[in-house]
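Data first, discussion second: the structure below is written as structure tokens.
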Amino acid sequence: MSKPFEMHTRMRVPGPSMWRLIMAALAVCGVALLIGAGAILVLVVTHESQRVVPSVYIIPATFVVSYLLLHWASKQKDKECAAGYTTSPGGYPNLEQVDASTGLIVRAAGESLIGRKEQRARVQAFKATLVDS
């Protein structure tokens with residue numbers, strides 16, 4: 001039987017978490033891919049290249065933004081690791097895993113990695129204790 005989960009919080013480094021920056025970069029890349037697919041569709045259907053000219057500028061710009069977000073995420077990762085924790089759910093088992101929104105330590109350093117479902121359950125239990133207080 002596993003030991004009960006103890007709820008502790010910690011201060012996080014300033015700025016958005018590494019995990020949120022990575023998710024934002026992926027979202028921006030997704031937007032670029034959707035714009036590209038839409039531009040190709042418009043070009044195939046209408047055969048008017050003038051309608052897709054803006055995408056020639058928008059798509060590279062979104063990839064630049066995505067690159068900058070990933071660079072920022074790398075800097076945040078270094079700061080988080082130096083502080084002794086991570087917000088990444090997939091890796092760094094030697095560091096505490098901290099929930100980005102609550103500061104809850106959802107996995108202790110050295111504990112085996114936990115799944116998304118278990119992480120959500122721990123965060124929800126923590127939020128429930130805040131409501132009851």
Side-chain angles (χ1 to χ4, degrees):
M1 181 155 78
S2 65
K3 65 179 184 173
F5 174 67
E6 295 183 28
M7 294 185 206
H8 298 288
T9 59
R10 71 173 299 149
M11 293 294 296
R12 294 190 322 102
V13 294
S17 70
M18 166 194 61
W19 188 247
R20 285 190 176 160
L21 290 169
I22 290 171
M23 293 296 105
L26 288 174
V28 170
C29 279
V31 167
L33 293 174
L34 287 174
I35 291 170
I40 291 170
L41 185 63
V42 166
L43 191 58
V44 167
V45 171
T46 66
H47 301 292
E48 294 181 29
S49 61
Q50 295 301 323
R51 292 184 183 215
V52 296
V53 168
S55 65
V56 172
Y57 300 104
I58 294 171
I59 293 171
T62 56
F63 283 119
V64 168
V65 169
S66 182
Y67 171 79
L68 293 173
L69 285 169
L70 288 174
H71 182 71
W72 189 8
S74 174
K75 298 292 184 191
Q76 284 298 96
K77 177 191 74 84
D78 293 343
K79 289 178 186 177
E80 288 179 4
C81 290
Y85 76 93
T86 184
T87 53
S88 172
Y92 309 101
N94 58 324
L95 299 173
E96 292 178 335
Q97 181 183 340
V98 175
D99 178 61
S101 60
T102 62
L104 175 69
I105 301 170
V106 293
R107 181 186 49 79
E111 183 182 345
S112 60
L113 297 177
I114 60 173
R116 188 181 308 173
K117 186 176 180 181
E118 178 64 22
Q119 180 180 347
R120 278 194 211 128
R122 291 179 180 188
V123 171
Q124 291 301 325
F126 175 71
K127 288 180 178 179
T129 63
L130 294 178
V131 171
D132 292 340
S133 303

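As a basis for the values below, the full set of heavy atoms in this structure was taken, side chains included, without hydrogen atoms, waters or symmetry mates.
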Please step through side-chain hydrogen bond (donor to acceptor under 3.5 Å, both in side chains) for the pair S17 and E80, ending with a clear verdict. CA-CA 8 Å; S17 70; E80 288 179 4; 4.9 Å; no
Report the C-alpha separation of T87 and R20 in whole Å, then their side-chain angles, then the decisive distance to 0.1 Å, and conclude whether the side chain to side chain contact (heavy atoms under 4.5 Å, CB included) test is met. CA-CA 9 Å; T87 53; R20 285 190 176 160; over 6 Å; no
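Residues T9 and F126 are in side-chain contact: their nearest non-hydrogen atoms beyond the backbone lie under 4.5 Å apart. Annotation: side chain of K79 is in contact with side chain of Q76 (closest heavy-atom distance under 4.5 Å). Inter-residue side-chain proximity for T86 and R107 is flagged as met; some heavy-atom pair is nearer than 4.5 Å. At least one side-chain heavy atom of S49 sits less than 4.5 Å from a side-chain heavy atom of L43.
Across all their heavy atoms, L113 and G91 have their closest contact at CD2-O, 3.7 Å. For W19 against S88, the heavy-atom pair with the smallest separation is CE3-CA, 4.1 Å. Heavy-atom minimum distance, A39 versus S55: CB-OG, 3.4 Å. Here the closest non-hydrogen pair linking C81 and L95 is SG-CD1, 3.6 Å. Closest approach of V123 and L104 over heavy atoms only: CA-CD2, 3.9 Å. Minimum interatomic distance between P16 and L21 (heavy atoms only, all atoms of both residues): CG-CD2, 3.8 Å.
The CZ atom of R120 sits 5.5 Å away from the CZ atom of R116 when rounded to the nearest 0.5 Å. Going from atom CD1 of I22 over to atom NZ of K77 covers 9.0 Å, rounded to the nearest 0.5 Å. Considering OG1 of T129 and CE of M7, their distance stands at 5.0 Å, rounded to 0.5 Å. Rounded to the nearest 0.5 Å, atoms OG (S74) and CG (L69) are 12.5 Å apart. Distance check, rounded to the nearest 0.5 Å: CG of D99 to CZ of R12 gives 8.5 Å. How far CG of L34 is from CG of L41: 12.0 Å, rounded to the nearest 0.5 Å.
L70 and L26 fall within a single hydrophobic cluster, where Ile, Leu, Val, Met, Phe, Trp and Tyr side chains are chained together by heavy-atom contacts under 4.5 Å. Hydrophobic clustering places V106 together with L130 (ILVMFWY residues linked when any side-chain heavy atoms are closer than 4.5 Å, directly or through intermediates). I58 and V28 end up in different hydrophobic clusters when Ile, Leu, Val, Met, Phe, Trp and Tyr side chains are linked at under 4.5 Å. Hydrophobic clustering (side-chain heavy atoms under 4.5 Å, transitive across Ile, Leu, Val, Met, Phe, Trp, Tyr) groups M18 together with M23. A continuous path of ILVMFWY side-chain contacts below 4.5 Å connects I59 to V31, so both sit in one hydrophobic cluster.
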